[in-house]
Amino acid sequence: PAASENQNFCFKDELDAFKLCLSPNKEVILEHYLAGWSGLVKFLNRLGNVFGFISKDASSKIQILRNFLNGESGSEYFTVQSMVKYELENKLVDLKKAGSHPESGCRTLLRLHRALRWLELFLERLRTSQEDGKTSAMCAESYNESLAQFHPWVVRKAAGLAFCMLPGRLAFFEVMNVGTPDQVVAMLGEALPVVTEVYQITQELYAKHDLLDIP
Ligand code: 1PX
């Protein structure tokens, strides 16, 4: 990306949204959660058009949730916790098979939540990588350990092809626009615990309500 374009983007700002998304009583504030995801999508778009099919899917899920947040029952969607309670109490979730609520907030957020586990694994690999580390391999390993199990063969295949187009470690760090490689590593060390906490809180909530496999 051109230097001028770089001024508008810094990966640290994007991850900071995830910091904001935990309320004092450890609930996940949807608006900030979605802002975090929007930032990641922005980053993905900077990596090039081959990732378009991934960013499109993420964007459409972000949009579905934003529509709930801005809709009539918006206040029920303030946190992920209130969303789950509201949608379950009002039978707005298809729990066993897709029916009259194929795009509930719960099922849509579950897709992003699963991808957050990929992000956690990937950022940890980036953080601990050596100078000659291959981002494509780090990305593929993280994917295979997490999201891949939820994707059909065609999606796994397309994702695998896209990963091969990732820039090398240094170029990747430059797109992040955080500073020197040491600064990137330090930033990742700070950001990761937040991502992990958001993931775990959501995971426990979904497990408690038996929502981890909704279609
Ligand atoms: C410093 C590194 C930061 C990198 C940030 C990159 C942000 C990536 C955002 C990825 C969001 C992916 C959301 C995928 C949600 C999903 O699983 N959707 C599938 C299921 O949805 P459905 O509605 O059908 O039940 C959907 O089928 C997915 C289709 C698109 C393919 C998804 C491939 C996901 C690969 C994730 C890795 C991204 C690679 C980025 C490279 C840096």
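Just so you know, these numbers use all the heavy atoms, side chains as well, and skip hydrogens, waters and symmetry mates. Read the numbers this way: they start at 1 and go in the same order the structure lists the ligands and their atoms.
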Residues that Y86 engages under ring pair (Phe, Tyr, Trp, His ring centres under 6.0 Å), provided they are two or more places apart =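 Y86: ring pair (Phe, Tyr, Trp, His ring centres under 6.0 Å) contacts with Y77.
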Please list, chain by chain and in numerical order, all residues satisfying ring pair (Phe, Tyr, Trp, His ring centres under 6.0 Å) with F172, sequence neighbours excluded.
->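 So F172 forms a ring pair (Phe, Tyr, Trp, His ring centres under 6.0 Å) with F43, F122.
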Of all residues at least two apart in sequence or in a different chain, which pass the side chain to side chain donor-acceptor pair (under 3.5 Å) check with T128?
->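 T128 satisfies side chain to side chain donor-acceptor pair (under 3.5 Å) with no residue once adjacent residues are dropped.
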Among L109, T79, V80, side-chain contact (heavy atoms from CB on, under 4.5 Å) partner for V28 =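 Running side-chain contact (heavy atoms from CB on, under 4.5 Å) over L109, T79, V80 with V28 returns exactly one hit, V80.
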Check L92, L65, L69 against M83 for a side-chain contact (heavy atoms from CB on, under 4.5 Å) and give me the one that passes.
->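 Single pass found, and it is L65.
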Measure from every N or O atom of ligand 1 to the protein's N or O atoms and keep only the pairs below 3.5 Å, writing each with atom names and distance to 0.1 Å.
from: ligand 1; atom 1: 17 (O); to: H151; atom 2: NE2; distance (Å): 2.7
from: ligand 1; atom 1: 18 (N); to: D57; atom 2: OD2; distance (Å): 2.8
from: ligand 1; atom 1: 21 (O); to: K61; atom 2: NZ; distance (Å): 3.2
from: ligand 1; atom 1: 23 (O); to: K61; atom 2: NZ; distance (Å): 2.8
from: ligand 1; atom 1: 23 (O); to: R107; atom 2: NH1; distance (Å): 3.0
from: ligand 1; atom 1: 25 (O); to: R107; atom 2: NH2; distance (Å): 2.9
from: ligand 1; atom 1: 25 (O); to: R111; atom 2: NE; distance (Å): 3.0

Any N144 side-chain heavy atom under 4.5 Å of E141 side chain =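 No. Closest side-chain heavy atoms not under 4.5 Å.
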